[in-house]
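Here is the structure we will look at.
Along the sequence shown, residues carry numbers from 1. Just so we're clear, the structure is a prediction, and the values are computed from it rather than from any experiment.
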Amino acid sequence: QVQLVESGGGLVQAGGSLRLSCAASGRTFSSYPMGWFRQAPGKEREFVAAMRWSAGITSYADSVKSRFTISRDNAKNVMYLQMNSLKPEDTALYYCAGRGDSYYYTAPEKYDYWGQGTQVTVSS
């Protein structure tokens, strides 16, 4: 059974940083796409960043490019999202997700496995 567990969210002032973690169990995701998505109140879930580590592929939403960095520790089977220069509009529930095959997508509906989410709140 695949489980994804996010951690690292919290309250931070604008301009600050947070690092989110996503611990996976039941499957090794080094060869499969994984991503970070977020959902703010009243809005649809949106893509933030994705990676397929074994292929050296990473993607970012334009709104977070140059501020966020996705990475993973294969030994621990953990994915990270380093978030710098946070803005109030980054406030959302952040989810990690994984695909069940190796095809690379950034659309949330293409992802099969989801964590429960971790809240990020950025104050102005």
Item to check | CD on Gln13 to OG on Ser123, rounded to 0.5 Å | outcome: 5.0 Å
Checklist entry - How many angstroms lie between CG in Asn84 and OG in Ser66, if you round to the nearest 0.5 Å? => result 9.5 Å
Are the side chain of [X] and the backbone of [Y] linked by a donor-acceptor contact shorter than 3.5 Å?
| X | Y | value |
| --- | --- | --- |
| Asp112 | Gly100 | yes |
| Tyr111 | Cys96 | no |
| Gln116 | Val5 | no |
| Arg52 | Ser31 | yes |

Checklist entry - Counting only heavy atoms not in Phe68, do more than 12 sit closer than 6.0 Å to its CZ atom? => result yes
Item to check | Enclosure of Glu109 CD (heavy-atom neighbours >12, cutoff 6.0 Å) | outcome: yes
Closest heavy-atom contact between [X] and [Y]?
| X | Y | answer |
| --- | --- | --- |
| Ser85 | Asp90 | O-OD2, 4.5 Å |
| Met79 | Trp36 | CE-NE1, 3.3 Å |
| Ser124 | Ala14 | CA-CB, 4.4 Å |
| Val64 | Val48 | CG2-O, 3.5 Å |
| Thr106 | Ser59 | CG2-CB, 4.1 Å |
| Tyr60 | Lys65 | O-CE, 3.6 Å |

Item to check | Arg27 NZ/CZ over Tyr113 ring centroid, <6.0 Å and within 45° of normal | outcome: no
Checklist entry - Is Arg19 close enough and on-axis enough to Tyr80, meaning under 6.0 Å and within 45°, for cation-pi? => result yes
Checklist entry - When the ring planes of Phe29 and Tyr32 are compared, do they come out parallel, tilted or perpendicular, using 30° and 60° as the limits? => result perpendicular
Checklist entry - Relative to each other, are the rings of Tyr95 and Trp114 parallel, tilted or perpendicular (30° and 60° limits)? => result perpendicular
Item to check | Arg38 and Thr91: CA distance, side-chain angles, deciding distance, side chain to side chain contact (heavy atoms under 4.5 Å, CB included) verdict | outcome: CA-CA 9 Å; Arg38 67 187 182 186; Thr91 295; over 6 Å; no
